[in-house]
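Notes follow once the structure below has been shown.
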Amino acid sequence: MCYSERIMAQSKELLSQLGEKGYRLTPQRLMILEQVEAADGHVSAEEILQRVRVRYSNLNISTVYRTLELLKELALVTETDMGDGRVRFHAVDKSRHHHLVCLACGQMTDLDEAELKPLSDLLLARHGFIADLCHIAIFGRCKNCA
C-alpha cells in the first residue's frame, strides 16, 4: 500500500473513531496526523507545527498538542520522553521499538520490542502485573561513556 493510500485508509479509520467520540476530522487534525506518519523517526509538537505551517499558516501549538493528545488517546500515536526536554511522538503503526538513551553523550540506540519480553513476562509471573511496554526510553550510559 502506498503512502497516500495508507493515509486515506487511516483517515477513514480516524474519522470513524473520532465520530464515535463526538469529534470531527478537521483539516488541521489530518495534517498533524500526516506529519507524524511521514516522520522518519520521532517528532516533537514543535517540529510538527513548523512542517504544517508551510501549508496552513494559521495553525498554533495548542492545536497541535490537543490533537496529539487525542491521537494518543485513540492509540494512533505513542509519546516518549527522550530526556532532551521535549516529548516526541511516533506513529503506532510503524515499527514498535524502545530506546536506550545515554545520559552523558545523548546517543540513542533502538531496542527491539522482543528484548523487553522477558521483563514483561517476569512482571506478570511475579506480580500478576500486565505491563504496557508500548514505547519507552531507558536512560543510562552507553558503552563509550560507561
Side-chain angles (χ1 to χ4, degrees), residues 1-124 127 129-142 145:
M1 180 181 301
C2 74
Y3 173 75
S4 60
E5 289 173 333
R6 190 166 39 111
I7 290 295
M8 289 301 289
Q10 187 151 13
S11 296
K12 288 179 183 176
E13 175 64 23
L14 180 59
L15 181 60
S16 171
Q17 289 181 34
L18 289 172
E20 289 171 9
K21 294 186 179 279
Y23 296 100
R24 293 181 306 125
L25 181 59
T26 64
Q28 296 89 337
R29 289 177 177 153
L30 184 56
M31 285 186 275
I32 291 165
L33 177 61
E34 286 174 351
Q35 289 307 312
V36 173
E37 283 286 324
D40 289 331
H42 301 80
V43 63
S44 69
E46 294 80 9
E47 291 166 332
I48 292 169
L49 178 64
Q50 288 175 344
R51 294 173 186 176
V52 172
R53 276 194 170 164
V54 171
R55 291 177 19 213
Y56 188 79
S57 62
N58 293 331
L59 187 68
N60 61 51
I61 194 68
S62 61
T63 300
V64 175
Y65 276 113
R66 280 193 311 270
T67 300
L68 289 169
E69 280 300 314
L70 177 62
L71 295 175
K72 192 174 75 170
E73 181 182 313
L74 295 172
L76 295 171
V77 301
T78 61
E79 173 185 88
T80 306
D81 180 350
M82 300 292 206
D84 63 356
R86 287 195 290 183
V87 173
R88 300 198 178 264
F89 298 88
H90 187 264
V92 168
D93 67 345
K94 290 189 175 184
S95 67
R96 287 179 58 124
H97 62 279
H98 309 285
H99 307 277
L100 301 176
V101 181
C102 181
L103 292 168
C105 70
Q107 176 185 345
M108 284 189 260
T109 304
D110 284 351
L111 184 65
D112 189 83
E113 183 176 22
E115 294 183 69
L116 291 180
K117 177 95 170 89
L119 173 61
S120 180
D121 293 344
L122 179 68
L123 293 172
L124 181 60
H127 305 282
F129 187 80
I130 300 171
D132 180 7
L133 303 176
C134 65
H135 201 168
I136 62 173
I138 301 171
F139 297 91
R141 297 204 182 265
C142 70
C145 297

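FYI, the numbering just counts along the sequence from 1.
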Do Leu111 and Ile138 touch side chain to side chain, with heavy atoms closer than 4.5 Å? yes
Taken to the nearest 0.5 Å, the spacing of Lys117 NZ from Asp112 CG works out to 13.0 Å
Rounded to the nearest 0.5 Å, what separates atom CD1 in Ile32 from atom OH in Tyr65? 11.5 Å
Do Arg29 and Leu70 come close enough that some side-chain heavy atom pair is under 4.5 Å? yes
Minimum-distance pair of heavy atoms, taken over all atoms of Val101 and Ala137: CG2-CB, 4.1 Å
Rounded to the nearest 0.5 angstrom, the CG-CG distance for Leu68 and Leu33 is 9.5 Å
Atom pair CE (Met108) and OG1 (Thr80), whose distance is rounded to the nearest 0.5 Å: 10.5 Å
Can you tell me how far apart CD1 (Ile61) and OG (Ser44) are? Round to the nearest 0.5 Å. 7.5 Å
Non-hydrogen atoms of Ala45 and Val64 that approach each other most closely: O-CG1, 3.7 Å
May I ask you to test the His99-Phe139 pair for a side-chain heavy-atom distance under 4.5 Å? no
Give, for atom CG of Asp110 and atom CG of Leu100, the distance between the pair rounded to the nearest 0.5 Å. 8.5 Å
Could you tell me whether the side chain of Glu79 reaches within less than 4.5 Å of the side chain of Glu69, counting heavy atoms only? yes
Taking the side chain as every heavy atom from C-beta outward, state whether Leu59 and Ile48 have any atom pair closer than 4.5 Å. no
Quick one, Glu34 with Arg55, criterion side chain to side chain contact (heavy atoms under 4.5 Å, CB included). Give me CA distance, side-chain angles, the key distance, then yes/no. CA-CA 12 Å; Glu34 286 174 351; Arg55 291 177 19 213; 3.3 Å; yes
May I ask you to test the Leu116-His98 pair for a side-chain heavy-atom distance under 4.5 Å? yes
Identify the heavy atoms of Val36 and Ala91 that sit nearest to each other, and give their distance. CG1-N, 3.6 Å
Arg88 meets the side-chain hydrogen bond (donor to acceptor under 3.5 Å, both in side chains) criterion, sequence neighbours left out, with Glu47, Asp84
Determine the minimum heavy-atom distance between Leu103 and Arg141, stating which atoms define it. C-NH1, 4.5 Å
